[in-house]
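Remarks on the structure that follows.
Since we're looking at a predicted model, the values are computed, not measured.
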Amino acid sequence: MKTIQKTAIALAASGLFATAAFAQTAPAVEAPEVSPITANVTVTNDYRYRGISQTNYQPAIQGGFDYAHESGLYIGNWNSTINWVSNTTNNGVKAPIEMDFYGGFKKELIGEGFASDFGVLQYYYNQTGQNYNNAMVNPNTTELYAAQNFTFGPLTGFVKVNYALTNIFGIPASTGSYYPDLTANYDTGIWGISLNGHVGYQYVAGQPGTQGSVAQAQKNISYTDWKLGATKDFGGGLSLSAAYVSTNANPNWWNTWTAPGGTAQSSAGRPGAVVSLTKVF
């Protein structure tokens with residue numbers, strides 16, 4: 001999935017495990033087999049990726065699947081409804097769906113609870129039309145990523161960096177952009193509630209405003225995003241999350257749609273609440 005945050009948007013998932021004590025006379029019970037394939041479905045009031053709304057602050061339906069081999073190798077796919085491509089190009093290019101394909105290797109190389117994760121992620125937008133303007137190229141994007149997960153009692157999370165092998169999300173001359181981020185979750189031990197925090201920095205290589213093709217007001221388009229929230233685990237793979245999300249993204253570039261003449265209509269990174277209901281199978 002995105003960031004897999006599409007968490008990365010890109011979505012991160014965690015499980016709670018319980019043990020039961022049996023009398024010595026009870027028959028041995030074999031542990032249930034864990035399927036190597038999992039699937040997930042989410043409904044959300046606003047699809048935010050790296051703090052930027054991908055749906056003009058409208059609801060989205062999302063879902064995907066993952067296959068994980070015992071060796072540590074994995075592949076997956078994650079999808080979401082979007083509208084930012086249609087809104088910002090203003091020239092007939094449309095892409096109502098984002099499809100992410102990823103694969104990598106994840107293993108506890110340095111100790112239990114400290115899984116290292118390396119992989120490649122392809123963002124694919126099923127487009128109609130190719131008439132891009134001078135401020136946007138093909139939005140399909142390829143990134144490499146490396147992450148280190150950590151566990152300290154009730155505190156879990158990861159540090160991660162994504163590096164772009166192509167232009168990112170249609171931004172010209174942006175190959176070499178990168179996104180480091182830190183995500184942490186604290187299990188309160190109360191009613192299945194965990195607290196969630198995140199901070200990331202999207203560095204955009206090339207800075208399109210310096211190329212002479214975009215207004216000077218759009219020059220600095222790198223930005224920081226952050227999130228504070230909570231997740232309620234209902235059990236059975238069902239969870240509800242709510243978070244406050246914000247950025248300091250330049251609204252002259254990161255906007256929800258652009259009118260003829262290039263006037264930004266609304267910042268796509270303004271503060272807002274995101275509520276999501278997720279089911280993992």
Side-chain angles (χ1 to χ4, degrees), residues 2-3 5-10 46-57 82-91 93 95 98 121 123 125 132-146 159-183 197-228 243-274:
K2 207 166 181 186
T3 91
Q5 195 110 121
K6 256 85 154 276
T7 45
I9 287 348
D46 180 17
Y47 170 25
R48 292 276 192 130
Y49 186 62
R50 298 178 182 173
I52 301 297
S53 178
Q54 312 292 297
T55 54
N56 193 15
Y57 302 105
I82 62 169
N83 64 21
W84 71 267
V85 175
S86 305
N87 288 344
T88 56
T89 55
N90 196 35
N91 54 9
V93 180
E98 172 192 328
L121 168 62
Y123 308 86
Y125 300 90
Y132 299 107
N133 55 35
N134 63 356
M136 183 175 181
V137 296
N138 191 310
N140 294 339
T141 302
T142 304
E143 292 183 333
L144 297 177
Y145 59 86
V159 290
K160 184 177 182 180
V161 63
N162 287 51
Y163 178 83
L165 300 178
T166 64
N167 291 322
I168 61 168
F169 313 120
I171 301 175
S174 58
T175 299
S177 299
Y178 55 83
Y179 182 78
D181 68 291
L182 168 66
T183 294
H198 160 87
V199 62
Y201 175 70
Q202 178 64 75
Y203 169 74
V204 182
Q207 296 293 285
T210 66
Q211 309 301 313
S213 61
V214 186
Q216 185 68 18
Q218 297 174 339
K219 180 178 179 179
N220 184 12
I221 64 175
S222 299
Y223 67 92
T224 300
D225 72 283
W226 55 92
K227 178 184 79 171
L228 291 174
Y244 175 84
V245 180
S246 187
T247 78
N248 63 355
N250 187 336
N252 291 290
W253 180 274
W254 303 100
N255 50 71
T256 55
W257 66 285
T258 304
T263 304
Q265 299 302 304
S266 177
S267 171
R270 69 174 185 252
V274 176

Checklist entry - Considering only heavy atoms from C-beta outward, does the side chain of Trp253 approach that of Val204 to under 4.5 Å? => result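 The answer is no; the side chains never approach within 4.5 Å.
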
Checklist entry - If we only count heavy atoms from C-beta on, is the Val245 to Asp225 side-chain gap below 4.5 Å? => result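 No. Closest side-chain heavy atoms not under 4.5 Å.
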
[X] side, atom [atom1]; [Y] side, atom [atom2] - distance, nearest 0.5 Å:
{"X": "Tyr163", "Y": "Tyr203", "atom1": "OH", "atom2": "OH", "value": "10.0 Å"}
{"X": "Asn138", "Y": "Tyr125", "atom1": "CG", "atom2": "OH", "value": "10.0 Å"}
{"X": "Trp254", "Y": "Asn248", "atom1": "CH2", "atom2": "CG", "value": "12.0 Å"}
{"X": "Asn56", "Y": "Asn255", "atom1": "CG", "atom2": "CG", "value": "10.0 Å"}
{"X": "Thr55", "Y": "Ile82", "atom1": "OG1", "atom2": "CD1", "value": "9.5 Å"}
{"X": "Ile221", "Y": "Ile171", "atom1": "CD1", "atom2": "CD1", "value": "4.0 Å"}

What pair of heavy atoms forms the shortest contact from [X] to [Y], and how long is it?
{"X": "Asn167", "Y": "Thr141", "answer": "O-OG1, 3.4 Å"}
{"X": "Ala268", "Y": "Tyr57", "answer": "C-OH, 3.2 Å"}
{"X": "Thr166", "Y": "Thr142", "answer": "OG1-N, 3.0 Å"}
{"X": "Ser177", "Y": "Ala205", "answer": "OG-N, 2.9 Å"}
{"X": "Asp181", "Y": "Gly200", "answer": "CB-CA, 3.8 Å"}
{"X": "Gln202", "Y": "Tyr178", "answer": "NE2-O, 3.3 Å"}

Checklist entry - Between Glu143 and Arg50, is the closest basic N to carboxylate O distance under 4.0 Å? => result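 Yes.
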
Checklist entry - Step by step, would you call Phe169 with Ile52 a side chain to side chain contact (heavy atoms under 4.5 Å, CB included)? => result CA-CA 12 Å; Phe169 313 120; Ile52 301 297; over 6 Å; no

